[in-house]
2 protein chains.
Amino acid sequence: MHTAPTSAMTLPTYNDVLAAHERIGPYIHRTPVLTSTFMNERTGADLYFKCENFQKAGAFKARGAVNAVFSLPEAAAAKGVATHSSGNHALSLCYAAARRGIPARVVMPATAPSAKKAAVLSYGGQIVECAPSMAAREAAAARIIDETDADLVHPYDDPRVIAGQATAARELAEDIADLDAFIAPISGGGLISGCCLALSALSPMTAIYAAEPDNAADAHESLKVGRIVRKEAGETVADGLKACLSERTWHFVSRHVADILTVTEAEIIEAMRLVWGRMKIVIEPSSAVPVAALLKNPSIFAGKRVGILISGGNVDLDRLPWQ
Amino acid sequence: MHTAPTSAMTLPTYNDVLAAHERIGPYIHRTPVLTSTFMNERTGADLYFKCENFQKAGAFKARGAVNAVFSLPEAAAAKGVATHSSGNHALSLCYAAARRGIPARVVMPATAPSAKKAAVLSYGGQIVECAPSMAAREAAAARIIDETDADLVHPYDDPRVIAGQATAARELAEDIADLDAFIAPISGGGLISGCCLALSALSPMTAIYAAEPDNAADAHESLKVGRIVRKEAGETVADGLKACLSERTWHFVSRHVADILTVTEAEIIEAMRLVWGRMKIVIEPSSAVPVAALLKNPSIFAGKRVGILISGGNVDLDRLPWQ
């Protein structure tokens with residue numbers, strides 16, 4: 001049983017996904033779907049890896065960010081965009097803004113690693129430094145919006161972003177027919193919401209799973225108790241997966257996701273290393289989370305055709321988690 | 001001016017390449033050709049990466065090994081194959097022999113890293129241990145041949161192997177028309193010889209380059225003085241590139257290769273890291289050698305369409321060269 005969406009909550013539709021796909025086409029890659037005999041043998045399943053690690057800016061986030069930036073009317077776009085996320089969403093937003101020729105301002109703690117700052121600058125973003133707390137980040141972002149009237153693009157709680165992320169699952173469904181199951185990492189739920197929207201339209205018999213670290217299992221708990229559970233994530237190597245669901249993403253997760261599987265830190269690291277070593281592709285720890293879930297749950301996936309969303313490949317090559 | 005081939009030296013022909021391609025087709029991948037906006041901007045060239053790191057057993061060597069193994073008549077095949085190379089050629093030979101269901105014996109020093117031994121075993125090979133010297137390896141291999149009448153498959157000085165490696169360049173020429181230039185790493189010369197054979201037939205206007213480490217620059221010196229220079233290689237992170245040319249590979253190199261470019265250890269490591277970080281693919285140090293040569297020589301390659309052979313992706317993930 002589900003509650004009706006509140007009137008204030010705009011949800012993207014499949015038509016929004018189609019519009020997003022057309023809008024972002026010139027600026028994103030249609031990423032390849034890879035297979036691996038080795039991984040098939042290890043899992044007993046037929047696996048199809050949708051490789052968003054090869055996406056612009058190194059992650060699926062480019063899809064949602066480009067859709068948000070290119071959805072803006074001319075006058076609003078001229079004022080620029082802003083975010084206080086400093087991970088893949090920030091890089092993607094800078095990438096998108098640079099394509100449109102508008103400013104992107106990224107609020108970051110002054111204490112952020114210099115590699116993160118350098119990445120934002122290399123994608124053409126402007127850094128606005130703040131004190132290292134969430135309150136300071138939100139205050140700094142609010143001040144920027146006040147001063148510039150820039151559009152604050154939320155990393156997941158935004159229908160433009162969800163419609164953009166959905167295009168990854170649409171491409172996968174177009175390329176690989178008759179998937180029995182699909183699995184993606186879950187954090188705030190923007191990616192999985194988009195995937196639910198696309199797959200329920202294009203491949204309604206595909207069972208949709210999400211995967212998350214044991215140490216940030218709020219979505220798993222939410223699904224178990226039937227309402228959003230908000231709790232501080234612990235430390236995890238998959239540091240892109242610490243956000244909590246919003247009402248908007250919970251709408252999709254609660255209706256479409258069959259189960260949310262959790263994995264340990266050791267399982268994430270082993271899966272990441274296995275993919276690097278055997279598939280010869282660089283994936284970030286968050287992308288290894290669904291792979292670890294596949295390896296851990298043969299009873300769910302063996303004998304099936306399974307799509308896996310490899311979310312990104314942005315890794316600090318100087319600090320690999322197995323070293 | 002070139003000397004005529006000696007009558008004892010069998011050279012593969014383009015017809016052998018066609019036969020090899022048909023023979024190995026069921027057992028190898030037609031690997032993808034990747035592009036990278038970032039790498040194009042860094043080099044000023046249009047680069048086409050033929051990704052043999054995604055090949056079976058992790059390197060182009062699978063092509064030559066499969067061709068050698070499946071060229072054997074039934075009775076000879078039953079006696080198995082052997083090698084005293086312990087790198088990618090050994091893995092590929094084990095892979096090929098397992099496909100045909102015949103034994104592969106690999107002579108390895110007892111002191112070889114356990115990861116290398118485990119890799120040979122995981123591909124179904126049998127390890128024959130010997131003392132850690134080239135003389136001991138050759139003696140052990142000779143004894144195996146005496147005892148078993150197995151076919152000793154040389155890693156490069158074998159027309160079946162050269163014809164097999166040639167199929168990589170054939171696929172590239174089929175996929176990407178009008179390459180102005182092509183570059184591959186060079187060691188004993190089996191790969192580049194095959195590429196010369198395929199490209200001179202399919203794309204005769206393509207200028208063929210090879211690349212090697214400064215610390216193992218015997219092929220560079222050979223081309224400069226016009227005869228094979230044999231010298232002990234120094235230490236290099238690209239440890240797959242330490243072999244010397246044979247008369248058979250020199251035949252192709254001396255006739256077709258425009259230049260052999262050399263790079264330092266630091267340049268190899270930087271190029272390798274750049275490809276991992278930006279292209280999100282795992283390549284081994286030997287594969288980074290031609291990438292480093294491209295970055296170092298814009299005067300040769302800028303403004304051109306250039307094919308690069310990424311030779312393999314077998315890396316010890318516990319010991320990355322930048323760490």
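Chain identifiers are assigned alphabetically (A, B, ...) following the order of the sequence lines, protein sequences preceding nucleic acid strands; residue numbering begins at 1 within each chain. Computed from a predicted structure; not experimentally measured.
- No more than 12 heavy atoms of other residues, nucleotides or ligands lie within 6.0 Å of CD in Glu270(B), so this atom counts as exposed by the packing criterion.
- Proximity to chain A is absent for every atom of Thr35(B), based on heavy atoms less than 4.5 angstrom apart.
- When the heavy atoms of residues 314-323 of chain B are compared with those of chain A, the residues falling under 4.5 Å are Asn314(B), Leu317(B), Asp318(B), Arg319(B), Leu320(B), Trp322(B), Gln323(B), listed by number.
- Residues of residues 49-69 of chain B lying within less than 4.5 angstrom of chain A, judged on heavy atoms, are Asn53(B), Phe54(B), Lys56(B), Gly58(B) in numerical order.
- Chain B is approached within less than 4.5 Å, heavy atom to heavy atom, by no residue from residues 23-31 of chain A.
- The interface of residues 277-288 of chain B with chain A, defined by heavy-atom distances below 4.5 Å, comprises Gly277(B), Arg278(B), Met279(B), Lys280(B), Ile281(B), Val282(B).
- Within a 6.0 Å sphere centred on CD of Gln126(B), other residues, nucleotides and ligands contribute more than 12 heavy atoms.
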